[in-house]
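Given the structure is predicted, the values throughout are model-derived calculations rather than measurements.
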Amino acid sequence: MAFAVLRPRHPDAESAVLLGMARSLLIVACLLFLVGCGSEADYAQSSPEELFESARLMVENEDYERLHELLWTDDPRERAVYLRMGQSLGAVGGLAEAVGEAFPKDVEALKRGEGAEGLLGSLLGGRRGAGGRGGGGRAFFRNVMSAMVSDPYGFLERSEGRLSAAVLSDTRAAVLWDGEGVLPPLGVLLREEGGFWYVEPPINSPLTLRYRPQSDEEFAILGYLFDCLTSAAEELEAEVRRGRYRSIEDLAQQAGRKSFVPVGMCFFAYMQALEARDQDGA
């Protein structure tokens, strides 16, 4: 029912609602940046090494919602979406804290095992590791979800010596994990602007450029996606604190169910918006 509000049947009404949502997001973004958000802590970004250290400190200080500040964009609509992303990251952090209190032994066991670092290395480096087809793929997905709900930012806390940068120029550097490029063949770059270094999401590559949001509608759909993920994480945290789940695996399965529908709906709506863009440009 909530998604129906985003996409009314009448085209004119749809455009008005989406345009209003995009403008509202932009206003919220400007207000938050004027008054500040999260903690009062200052995080250095004058070098790639300081950028990585600031990411670790944000996690250590439980400023998960501020991680989005390390991302580069010069589009205010995109920054508004990043703000929504920050809220989702904060909600996921709250969920992880509740999981740690409810299942401390299970969380410690996950950290001592392959944990989020190993799974992240498999994902970022393009190696499936425990993946594959059939049961292996399902097991890999369960492991990823278990790591996400129990220790989502552990890889940042324990990334010293594993996360590094290869300087390409005075204003560009490539992100490395264990000495290897991240997310091949796209890669992830760092960008220097005004004396500060930022992570530049791989959205300008020829492989991904078509999927970068351009219209108010496309930005609104992405903002709605992060709102849904935030709501799901907050709901899961409340359920964990009420003692609804018997194990992290039980919680991970429910997290997958709660996120699958809104993610699928947003993906479908976004693809429709891209098709409409292609038709308008034809």
side-chain contact (heavy atoms from CB on, under 4.5 Å) partners for Thr73, two or more places apart: Asp75, Glu78, Arg79, Tyr82

Leu186 reachable from Leu163 in the ILVMFWY side-chain graph, under 4.5 Å edges: no

Minimum heavy-atom distance Gly223-Val81, with the two atoms named: N-CG2, 4.3 Å

Check: Ser54 side chain, Ala44 main-chain N or O, donor-acceptor pair, under 3.5 Å: yes

Ser46 side chain reached by Phe196 side chain, heavy atoms, under 4.5 Å: no

Asp151 side, atom CG; Ile248 side, atom CD1 - distance, nearest 0.5 Å: 9.5 Å

Residues that Ser88 engages under side chain to side chain donor-acceptor pair (under 3.5 Å), provided they are two or more places apart: Thr230

Test side-chain contact (heavy atoms from CB on, under 4.5 Å) applied to Met58 and Arg66, step by step: CA-CA 7 Å; Met58 285 180 180; Arg66 292 189 60 181; 4.2 Å; yes

Arg257: partners by side chain to side chain donor-acceptor pair (under 3.5 Å), with sequence neighbours left out: Gln254

Contacts of Glu235 that satisfy side-chain contact (heavy atoms from CB on, under 4.5 Å) - sequence neighbours left out: Glu239, Lys258

What donor-acceptor contacts under 3.5 angstrom involve side-chain atoms of residues 200-207, with partners at least two apart or in another chain?
{"unit_1": "Glu200", "atom_1": "OE2", "unit_2": "Arg191", "atom_2": "NH1", "d": "3.1"}
{"unit_1": "Asn204", "atom_1": "OD1", "unit_2": "Arg212", "atom_2": "NH1", "d": "2.4"}
{"unit_1": "Ser205", "atom_1": "OG", "unit_2": "Leu207", "atom_2": "N", "d": "3.1"}

Shortest non-hydrogen contact between Ala98 and Val240, atoms and distance: O-CG1, 3.7 Å

side-chain contact (heavy atoms from CB on, under 4.5 Å) partners of Leu274, counting only residues at least two apart: Arg210, Tyr211, Glu218, Tyr270, Met271, Arg277

With Ser164 via side chain to side chain donor-acceptor pair (under 3.5 Å) - residues at least two apart: none

Qualifying salt bridge (Lys or Arg N to Asp or Glu O under 4.0 Å) pairs, either residue in residues 86-106, two or more places apart: Glu101-Arg241

Considering all heavy atoms, the nearest Ser150-Ala96 contact: O-CB, 3.9 Å

CD-CG distance between Glu69 and Asp63, expressed to the nearest 0.5 angstrom: 8.5 Å

Validation row: Leu95, Val99 side chains within 4.5 angstrom (heavy atoms): yes

Worked check of side-chain contact (heavy atoms from CB on, under 4.5 Å) between Leu70 and Tyr43: CA-CA 9 Å; Leu70 305 179; Tyr43 294 105; 5.5 Å; no

Qualifying residues under ring-ring contact (aromatic ring centres under 6.0 Å, His included), relative to Tyr198, sequence neighbours excluded: Trp72

Short side-chain to backbone donor-acceptor contact, Glu237 and Ala233, under 3.5 Å: no

Co-members of Leu168 in a cluster of I, L, V, M, F, W and Y side chains, linked at under 4.5 Å: Leu189

Note, Leu251 side chain near Arg244 side chain (heavy atom, < 4.5 Å): no

Results of side-chain contact (heavy atoms from CB on, under 4.5 Å) for Glu49 - residues two or more places apart only: Ser47

Heavy-atom side-chain proximity of Leu229 to Val263 below 4.5 angstrom: yes

ILVMFWY cluster, Phe52 and Leu183 together (side-chain gap under 4.5 Å): yes

Nearest heavy-atom neighbours spanning Glu234 and Ala91: CG-CB, 4.0 Å

Heavy-atom donor-acceptor pair, Glu65 side chain to Gln87 backbone, under 3.5 Å: no

Rounded distance [0.5 Å steps], CG in Leu57 versus CD in Glu62: 13.0 Å

Linked, directly or transitively: Phe219 and Phe267 (ILVMFWY side chains, under 4.5 Å): yes

Interatomic spacing from CZ in Phe226 to CG in Leu89 - rounded to 0.5 Å: 7.5 Å

Steps toward side-chain contact (heavy atoms from CB on, under 4.5 Å) verdict (Glu192, Asp170): CA-CA 8 Å; Glu192 188 272 334; Asp170 290 341; over 6 Å; no

Heavy-atom closest pair, residues Leu225 and Pro262: CD1-O, 4.5 Å

Spacing of Leu190 atom CG and Trp197 atom CH2 [to the nearest 0.5 Å]: 6.5 Å

Heavy-atom closest contact (Val149 atom, Ala255 atom, distance): CG1-CB, 4.0 Å

Distance in Å, Gln272 CD paired with Glu217 CD, rounded so as to fall on 0.5 Å steps: 8.5 Å

Arg162 side chain vs Leu176 backbone, donor-acceptor pair below 3.5 Å: no

All side chain to side chain donor-acceptor pair (under 3.5 Å) counterparts of Ser231, not counting sequence neighbours: none

